[in-house]
2 protein chains.
Amino acid sequence: MLSTSEENYLKALYKIAQVKGNPVSTNDLADELSTSAASVTDMIKKLFEKKLVDYQRYQGAVLTSEGGRLATELVRRHRLWECFLVEKLGYGWDEVHDLAEQLEHIKSVDLVDRLEEYLQFPRFDPHGDPIPDRHGKFTIRSQQLLCNLSQGDRAEVVGVALHDSQFLRFLGEMHLEIGCVLEVLEVFEYDSSMRIHIVPDTKTLISSILSKNIYVKKYS
Amino acid sequence: MLSTSEENYLKALYKIAQVKGNPVSTNDLADELSTSAASVTDMIKKLFEKKLVDYQRYQGAVLTSEGGRLATELVRRHRLWECFLVEKLGYGWDEVHDLAEQLEHIKSVDLVDRLEEYLQFPRFDPHGDPIPDRHGKFTIRSQQLLCNLSQGDRAEVVGVALHDSQFLRFLGEMHLEIGCVLEVLEVFEYDSSMRIHIVPDTKTLISSILSKNIYVKKYS
DNA sequence: AATTATATTTAGACTAGCCTAAATATTTAT
DNA sequence: ATAAATATTTAGGCTAGTCTAAATATAATT
């Protein structure tokens, strides 16, 4: 059985590897987990003993297939709990991260499977991130950013690249949510801002900070 | 903020005080928490520092009003999570204790209030135990035991005095569940067993081990 | 009331997870 | 290629929560 702390290391390893590739450096882990490099070294050794990471001194760490499986399971739990909190308890998508962070560590062989069934097997969480199924498989969503669309393009919002609550609250205020359809009305070269039409009835200007962090699926 | 361990001590203090009264002895706590008396002494001192218990060396511990409030809140959380697990996720009443034991420690100011609303403010958990409201108030259920009924009495099952899963599974197999109505057909002095009619269609013999651990509300 | 038995506390130690400071390895830049 | 900068590990220590063994206080028994 893994401790909460061990689980958090696995998740961090998984997350960093996705962005920066393998091997994952001690310092990157320390940053991600807001801890010291020395603590990371200790824990990596422990995970190595448990065969959850491959590791050689000074060379960074890589999840083993078992480590990867466990990390994916944690992502699954996190995202399913986020669905539950938003869909059933009425939380906003900007409020659920910390709670899901706690709930994902609940130890049970089948709790999350039952939760998934109860939620009717959602494939994406409230932020548009894909939810791994029982076997760790998931659909990769479009990686195209809103900022890369051109005038006249129409697309659906499918995800966000940032998850901090300020950003999410701001998007919410602008009615920019997962699933909404938009059209690029105009692109301003000067500051890369855009005027967009959020179907059906909002037309607004958005800064590039926003458009660089919204994933869309372009209608062809 | 309290640790999971501190919270478990508060719950144990509350539980023991209800059964044996105050003050609660070090050994009783050690038994309840499956730990050593030495550990209990350490933790009680800590809770005393935090003003959650009154304590004098060798004289046992008593929850302060703040300690009692927190303990009641934990009971509330535990019972609401049990409701959720049974009613929404389809668990049996014999399967939910350990999961609720974990879920009750999730830190949040409003999670459990939202859960309560989502469950439509249940007043009793799946074992018939009363659920404290936001202010710690709850309805005390009938304390009458099935074994104290006489031939011809009719009553409703309102609770169980034991919570171990073997006992609960056995009751379930006999269709003896919270809310069911029964009538005492015959009482056998010899071994205090009873023949009962579980309305509408089961007639069966039950041992005194069962009838001593089922709370009923007699129809007058 | 003294003695024995029981309950409780103290003392000292252990583990997990974290820390800082110092040592060492690797990488980068001159 | 060597020096400087950076990254990583080691060494030693801290806290929370636990333990066992020993000491001490309370309760029970004669």
Side-chain angles (χ1 to χ4, degrees), chain A residues 1-13 16-17 19-63 67 70-71 74 101-102 104-107, chain B residues 1-13 16-17 19-63 67 70-71 74 101-102 104-107:
Chain A
M1 179 100 350
L2 297 179
S3 70
T4 295
S5 186
E6 289 170 324
E7 289 187 342
N8 284 334
Y9 274 84
L10 293 181
K11 264 207 324 175
L13 248 344
I16 295 167
V19 178
K20 295 195 162 191
N22 280 316
V24 173
S25 78
T26 303
N27 270 357
D28 283 351
L29 273 170
D31 278 2
E32 173 68 24
L33 294 162
S34 304
T35 186
S36 70
S39 302
V40 172
T41 300
D42 285 351
M43 183 59 91
I44 289 296
K45 283 180 183 166
K46 200 167 144 196
L47 295 175
F48 175 71
E49 292 301 317
K50 295 192 175 187
K51 301 195 176 163
L52 300 176
V53 301
D54 288 327
Y55 169 69
Q56 280 179 279
R57 284 178 42 179
Y58 296 99
Q59 305 305 308
V62 179
L63 285 172
L70 290 168
L74 286 161
E101 204 74 13
Q102 294 183 65
E104 74 191 11
H105 297 295
I106 300 291
K107 265 68 182 173
Chain B
M1 179 102 346
L2 296 179
S3 69
T4 294
S5 186
E6 289 170 323
E7 289 187 343
N8 285 334
Y9 275 84
L10 293 181
K11 265 207 323 174
L13 248 344
I16 296 166
V19 178
K20 296 196 162 189
N22 280 316
V24 173
S25 78
T26 303
N27 270 357
D28 283 350
L29 272 170
D31 278 2
E32 172 69 23
L33 294 164
S34 303
T35 187
S36 70
S39 302
V40 172
T41 301
D42 285 351
M43 182 60 92
I44 289 297
K45 283 181 185 167
K46 200 169 146 194
L47 295 175
F48 175 70
E49 291 302 317
K50 294 191 175 188
K51 302 193 174 162
L52 300 176
V53 301
D54 288 329
Y55 169 70
Q56 279 178 279
R57 283 177 43 177
Y58 296 98
Q59 304 307 308
V62 179
L63 285 172
L70 290 169
L74 286 161
E101 204 73 12
Q102 294 182 65
E104 74 193 12
H105 298 294
I106 299 289
K107 265 68 181 173

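Rounding to whole angstrom units, CG of residue Asp42(A) and C1' of dC14(D) are separated by 14 Å. We find that CZ of Phe48(B) is positioned 12 Å from P of dT9(C), with the value rounded to whole Å. Atoms CD1 (Ile44(A)) and C1' (dC18(C)) sit 15 Å apart, rounded to a whole Å. Rounded to a whole Å, the CG atom of Leu29(B) is 10 Å from the P atom of dT9(C). The separation between Gln59(A) atom CD and dT24(C) atom C1' is 14 Å, rounded to whole Å. Distance Asn8(B) CG to dT18(D) C1': 14 Å, rounded to the nearest Å. Here dA16(C) presents its P atom at 16 Å from CD of Glu7(A), a figure rounded to the nearest Å. What separates CD of Glu49(B) from C1' of dT15(D) is a distance of 16 Å, to the nearest Å.
Remark: Ser5(A) is not in phosphate contact with dA16(C), judged by side-chain N or O atoms under 4.0 Å from OP1 or OP2. In this model, the phosphate group of dT20(C) is not approached by any side-chain N or O of Ser36(A) to a distance below 4.0 Å at OP1 or OP2. Contact annotation: Arg57(B) does not reach the phosphate of dT26(D) (side-chain N/O to OP1 or OP2, under 4.0 Å). OP1 and OP2 of dA7(C) both lie 4.0 Å or more from every side-chain N or O belonging to Ser25(B). Within the structure, every side-chain polar atom (N or O) of Tyr55(A) is placed at least 4.0 Å from both OP1 and OP2 of dT8(D).
When distances run from any side-chain atom of Thr41(B) to the nucleotides dT26(C), dC19(D), dT8(C), the shortest one goes to dT8(C). Nearest nucleotide to the Thr35(A) side chain, out of dT8(C), dC18(C), dA25(C): dC18(C). Here the side chain of Asn27(B) is nearest to one of dT10(C), dA7(C), dC19(C), namely dA7(C). Nearest to the side-chain atoms of Tyr9(A) among the listed nucleotides dC18(C), dA21(D), dT18(D) stands dC18(C). If you check dT20(C), dC18(C), dT9(D) against the side chain of Ala38(A), the one that comes closest is dT20(C). The side chain of Tyr58(B) lies closest to dT26(D), out of dT26(D), dT9(D), dT8(D).
In this structure, Glu104(B) and Glu7(B) approach most closely via the heavy-atom pair O-OE1, 4.4 Å. Closest non-hydrogen pair, Ala30(B) versus Ser36(B), comes out as CB-C, 3.9 Å. The nearest pair of heavy atoms linking Leu29(B) to Tyr9(B) is CD2-O, 4.3 Å.
Side chain of Lys107(A) to backbone of His105(A): a donor-acceptor contact under 3.5 angstrom is found.
At a threshold of 4.5 Å between non-hydrogen side-chain atoms, the residues Leu13(B) and Ile44(B) count as touching.
Among the heavy atoms of the strands lying under 4.0 Å from Thr26(B) are primed sugar atoms or P, OP1, OP2 only; no base atom is included.
Between Ser39(B) and Ser34(A), it is Ser39(B) whose nearest contact on DNA chain C lies nearer the 5' terminus.
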_Stepwise side-chain contact (heavy atoms from CB on, under 4.5 Å) check, Leu10(A) with Leu2(A)_ = CA-CA 10 Å; Leu10(A) 293 181; Leu2(A) 297 179; 3.6 Å; yes
